[in-house]
Amino acid sequence: MNALAARDARNVRLYKHDAVEVLGHEIAPGTLAEARIWFPDPWHKKRHNKRRIVQPAFVALLASRMAPGGLLHLATDWQPYAEHMLEVMEAAPDWRNALAPGQYADKPDWRIETHFERRGLKLGHGVWDLLYRQAPIK
Ligand SMILES: C[S@@+](CC[C@H](N)C(=O)[O-])C[C@H]1O[C@@H](n2cnc3c(N)ncnc32)[C@H](O)[C@@H]1O
């Protein structure tokens, strides 16, 4: 936020709120060119997996907010969550894998290394990127 203020950036809107509510109530349908969800909470324990943000209902809501062909970029350092993301996204009727069905992406060079990514790498974790385009079944 300090960097934004220093640059006098006026084309940025920040929300300190639940992203699900922001998507549902603040973002008009069909408007987002891109969405990035990098290193969301993995909820490691099996009984907590249902708290993961990448779930069928959430990615359906997100798809409704995307402009046609909009890009979703997911990244995680937790392999079981990467597998869960792949399963949810491959089954989602409004999303198509941007590479090929069932494929992870290489880390795009425009993705910064985040705080949680660095922490995961120090722990010896791998990193998985996933790229999907909004494309409803006709
Ligand atoms: C593991 S951290 C990753 C943060 C950052 N993306 C990174 O890679 O360093 C996950 C973040 O998502 C936030 N978060 C979890 N659920 C959220 C939600 N429903 N809406 C907005 N933020 C959420 C948490 O508060 C936490 O800051």
Side-chain angles (χ1 to χ4, degrees):
M1 287 172 70
N2 286 339
L4 291 171
R7 288 173 201 191
D8 197 25
R10 289 160 192 249
N11 61 344
V12 177
R13 208 185 295 169
L14 297 170
Y15 291 92
K16 186 169 187 257
H17 197 73
D18 182 341
V20 183
E21 290 192 4
V22 171
L23 269 182
H25 303 302
E26 298 288 325
I27 308 294
T31 55
L32 298 178
E34 192 168 328
R36 300 173 175 178
I37 307 177
W38 293 349
F39 305 92
D41 295 315
W43 294 107
H44 303 100
K45 291 182 183 158
K46 191 117 193 132
R47 70 174 186 279
H48 291 156
N49 286 177
K50 58 181 178 296
R51 298 184 189 174
R52 290 172 173 168
I53 195 162
V54 178
Q55 302 288 358
F58 174 74
V59 300
L61 170 66
L62 186 53
S64 75
R65 270 40 190 174
M66 303 302 289
L71 186 71
L72 170 60
H73 184 183
L74 302 170
T76 181
D77 66 330
W78 187 244
Q79 187 168 5
Y81 198 6
E83 290 164 1
H84 169 92
M85 288 173 172
L86 199 66
E87 191 180 320
V88 169
M89 293 306 298
E90 293 293 319
D94 295 327
W95 293 102
R96 294 288 164 278
N97 195 308
L99 288 101
Q103 294 290 302
Y104 294 107
D106 289 334
K107 174 183 171 176
D109 53 13
W110 40 263
R111 179 166 72 67
I112 58 163
E113 188 177 82
T114 77
H115 172 76
F116 274 84
E117 178 174 19
R118 262 192 302 281
R119 206 174 73 162
L121 290 170
K122 272 192 200 143
L123 293 169
H125 296 177
V127 174
W128 292 264
D129 285 81
L130 297 88
L131 294 173
Y132 282 81
R133 289 214 175 268
Q134 193 262 23
I137 291 173
K138 298 245 159 58

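In listed order, ligands and their atoms are each counted from 1. Values reported hereafter were calculated over all heavy atoms of this structure, with side chains retained and with hydrogens, waters and symmetry mates removed.
The nearest heavy-atom contact from the protein to atom 4 (C) of ligand 1 is F116 CD1, 3.6 Å. Looking at atom 20 (N) of ligand 1, its nearest protein heavy atom turns out to be A19 N, 2.7 Å.
Residues forming a salt bridge (Lys or Arg N to Asp or Glu O under 4.0 Å) with D41 (at least two apart in sequence, or on another chain): none. By the salt bridge (Lys or Arg N to Asp or Glu O under 4.0 Å) test, E21 is found to be paired with no residue, residues two or more places apart in sequence or in another chain being considered.
Residues V20 and L61 approach most closely at O-CD2, 3.8 Å, considering heavy atoms. Among all heavy-atom pairs drawn from N49 and Q55, the shortest one is O-NE2, 3.2 Å. The two atoms that bring L86 and G102 nearest to each other are CD2-O, 3.5 Å, heavy atoms only.
One option in T114, I53, D41 has a heavy atom closer to atom 26 (C) of ligand 1 than any other, and that option is D41.
Atoms of ligand 1 found under 4.0 Å from any heavy atom of H115, numbered from 1 in the order shown, are 9 (O). Close approach of ligand 1 to D18 (heavy-atom distance below 4.0 Å) involves ligand atoms 18 (C), 19 (N), 20 (N). Here is the list of ligand 1 atoms found below 4.0 Å of a heavy atom in F39: 1 (C), 2 (S), 3 (C), 8 (O), 10 (C). Of all the atoms in ligand 1, the ones that sit under 4.0 Å from a non-hydrogen atom of H17 are 20 (N), 21 (C). With ligand atoms numbered from 1 in the order given, ligand 1 contributes 5 (C), 6 (N), 8 (O) to contacts under 4.0 Å with heavy atoms of W38.
Proximity of atom 9 (O) of ligand 1 to the protein is indicated by at least one non-hydrogen atom lying closer than 4.0 angstrom. Proximity of atom 23 (C) of ligand 1 to the protein is not indicated, since no non-hydrogen protein atom lies closer than 4.0 angstrom. Inside a 4.0 Å radius of atom 17 (C) of ligand 1 there is not any protein heavy atom.
Distance check: T114 OG1 to F39 CZ gives 4.5 Å after rounding to the nearest 0.5 Å.
For Q103, the CD atom is densely surrounded, since the number of other residues' heavy atoms within 6.0 Å is greater than 12.
With salt bridges taken as basic N to acidic carboxylate O contacts below 4.0 Å, one links E117 and R111.
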